[in-house]
Peer 1: 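Quick one: structure below, then a few questions.
First the proteins, then the strands, lettered A, B, ... as listed; each starts at 1. In this text the structure is predicted, and so the values were computed from the model without any measurement.
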Protein chains: 2
Amino acid sequence: MATYCYDYPHPAVTTDIALFTIIGDKLAILLIRRRSPPFQDSWALPGGFVDSDECLEDCALRELAEETGITGVYLEQLYTFGKPDRDPRERIISVAYYALAPADILSPIAGSDAAEVRWFAFDALPDLAFDHRDVIVLAQQRLRAKLDYSTVAFSLMAETFTLGELQKVYEIIRGESLDKRNFRKYILSLNLLAESGETQQGCNHRPAKLYRLAQPGTLHYIR
Amino acid sequence: MATYCYDYPHPAVTTDIALFTIIGDKLAILLIRRRSPPFQDSWALPGGFVDSDECLEDCALRELAEETGITGVYLEQLYTFGKPDRDPRERIISVAYYALAPADILSPIAGSDAAEVRWFAFDALPDLAFDHRDVIVLAQQRLRAKLDYSTVAFSLMAETFTLGELQKVYEIIRGESLDKRNFRKYILSLNLLAESGETQQGCNHRPAKLYRLAQPGTLHYIR
DNA sequence: CATATTAGTGTATCTTATACACTTAATCTC
DNA sequence: GAGATTAAGTGTATAAGATACACTAATATG
């Protein structure tokens, strides 16, 4: 194998991705079971080393795809973790990203570096490799804060969704129940939703109108 | 010189620091003139390579002290810049920090890697090395946003200050003038200030009461 | 002693956020 | 198919917070 030499020590750089979705009525996060040491067989965030010619965001998307098969998520840089001893092998600095995807995303498939891939409820995480628990906690705080001043929550919705489903997502992330009428007033006042024209199918109650984003893929800031 | 070899390419990692203060009635930022290539003689943010056993924040504080002599600032991680070609020498990933200090801080003194150190008005920046203009623009946006939901502005104040001086700082960062009575009502309602008991000296008008932080060094979040 | 300069103070109005309950449309069960 | 069950859908009154606004007070200067 080739070796790469430098005049002074260089750390390795990785990206790690905290991908959230909503499953049932819980916030869930995607973890992989590590195939190799260190922390072999431990659960960890997907992620890996930055290639020499790719930018950080591309690395995060590539690692997520390689290890879990998931693509097309909303992705945002979170924080860079760099304590000298956070990896037992060598100095590794990790640029952490958080990502959001609708729950109807294709089921994850374990890739090369992962023995297993699974969604875990945020409130029932297993022991985690490295400092990945810190990463997840910070990501969840960011998500909750951003709910108040942006439209991040829409990235957790399928292409069409009901206002009830959207309210549920807000309630899960904020950890408190919301008034239905006030919530709908607020959301509709943003003028970011359009009625799809369809209604919900196959529910044992009055079917709700389906909405879609007026400008899909755009993150808006409120206030 | 020793060489350090790895099985696959490692990027270099630096920190860069965007240190803001208020000078006169302008937002100002500290720049150094680079002593060595690349971008020799260009203005740039202070910063430098992460030592193998120091954490990222320590690196930022050390580089700031070494290159400019300034210590004791408020420091917060901003964003990590990692485009593959952002440095012509080799792959360099930079963890950017922004920092705040009161204007009465000791004058900066050029250190080893800096031929010169100077404050520049934010609205009159020179040409900058690397992607440092992007860093500064992002830092200013973060500062402005954070003004609304935290007490960052207090980090720009001297130990004691008048409400008029504090209002001036808010006006400069927000780029608009504020109503005096409403501003005072808002600031005092936070219950974070204590009267020092002293008043301003040597001004050719009614002297203002001096205030200090009730809990110095603590950042508070509003709302 | 008149002028200039900034400090310091209160209220009325507008805007936004909150609290709150019933009717509707579908499915399910007996 | 009648009644029960479930979530959808809708408006108003009140409370809280944000905004607009003008004069008097204390010091220095000429």
Peer 1: Specify the separation, in whole Å, of atom CG of B:Leu166 and atom P of C:dT6.
Peer 2: 17 Å
Peer 1: What's the CZ-C1' distance between A:Arg184 and C:dT24, to the nearest Å?
Peer 2: 12 Å
Peer 1: Hey, is B:Asp41 close enough to B:Arg35 for a salt bridge, meaning N to O under 4.0 Å?
Peer 2: no
Peer 1: Please determine whether side-chain contact (heavy atoms from CB on, under 4.5 Å) holds for the pair A:Phe161 and A:Leu193, giving the CA-CA distance in whole Å, both sets of side-chain angles, and the decisive distance to 0.1 Å.
Peer 2: CA-CA 10 Å; A:Phe161 52 87; A:Leu193 297 188; 3.7 Å; yes
Peer 1: Quick check: do A:Pro126 and A:Phe120 have side-chain heavy atoms less than 4.5 Å from each other?
Peer 2: yes
Peer 1: Any salt bridge linking B:Asp25 with B:Lys168? Criterion: basic side-chain nitrogen under 4.0 Å from a carboxylate oxygen.
Peer 2: no
Peer 1: If you look at every heavy atom in A:Ser94 and A:Thr15, which pair is closest and at what distance?
Peer 2: OG-C, 4.2 Å
Peer 1: Do the charged groups of B:Arg142 and B:Glu76 touch, with an N to O distance under 4.0 Å?
Peer 2: yes
Peer 1: Identify, residue by residue, the members of residues 194-205 of chain B with a heavy atom below 4.0 Å from DNA chain C, and return them in order of residue number, or none.
Peer 2: B:Asn204, B:His205
Peer 1: Applying side-chain contact (heavy atoms from CB on, under 4.5 Å), run through B:Thr21 and B:Leu100 and close with a yes or a no.
Peer 2: CA-CA 6 Å; B:Thr21 197; B:Leu100 305 174; over 6 Å; no
Peer 1: Sugar-phosphate atoms are those with a prime plus P, OP1 and OP2; base atoms are the rest. Using that split, label each nucleotide of nucleotides 14-24 of chain D B, S or - for protein heavy atoms under 4.0 Å, 5' to 3'.
Peer 2: -----BBBB--
Peer 1: Nearest-Å distance, CZ (B:Phe183) to C1' (C:dG10)?
Peer 2: 18 Å
Peer 1: Separation of A:Glu176 atom CD from C:dA19 atom C1', in whole Å?
Peer 2: 15 Å
Peer 1: Could you tell me the separation between the CG atom of A:Leu210 and the P atom of D:dA8, rounded to a whole number of Å?
Peer 2: 11 Å
Peer 1: Would you mind reading off the distance between A:Lys209 atom NZ and C:dA25 atom P, rounded to a whole angstrom?
Peer 2: 12 Å
Peer 1: Strictly distance-based, threshold 3.5 Å: is any side-chain N or O of A:Glu165 a donor or acceptor partner for the main-chain N or O of A:Thr162?
Peer 2: yes
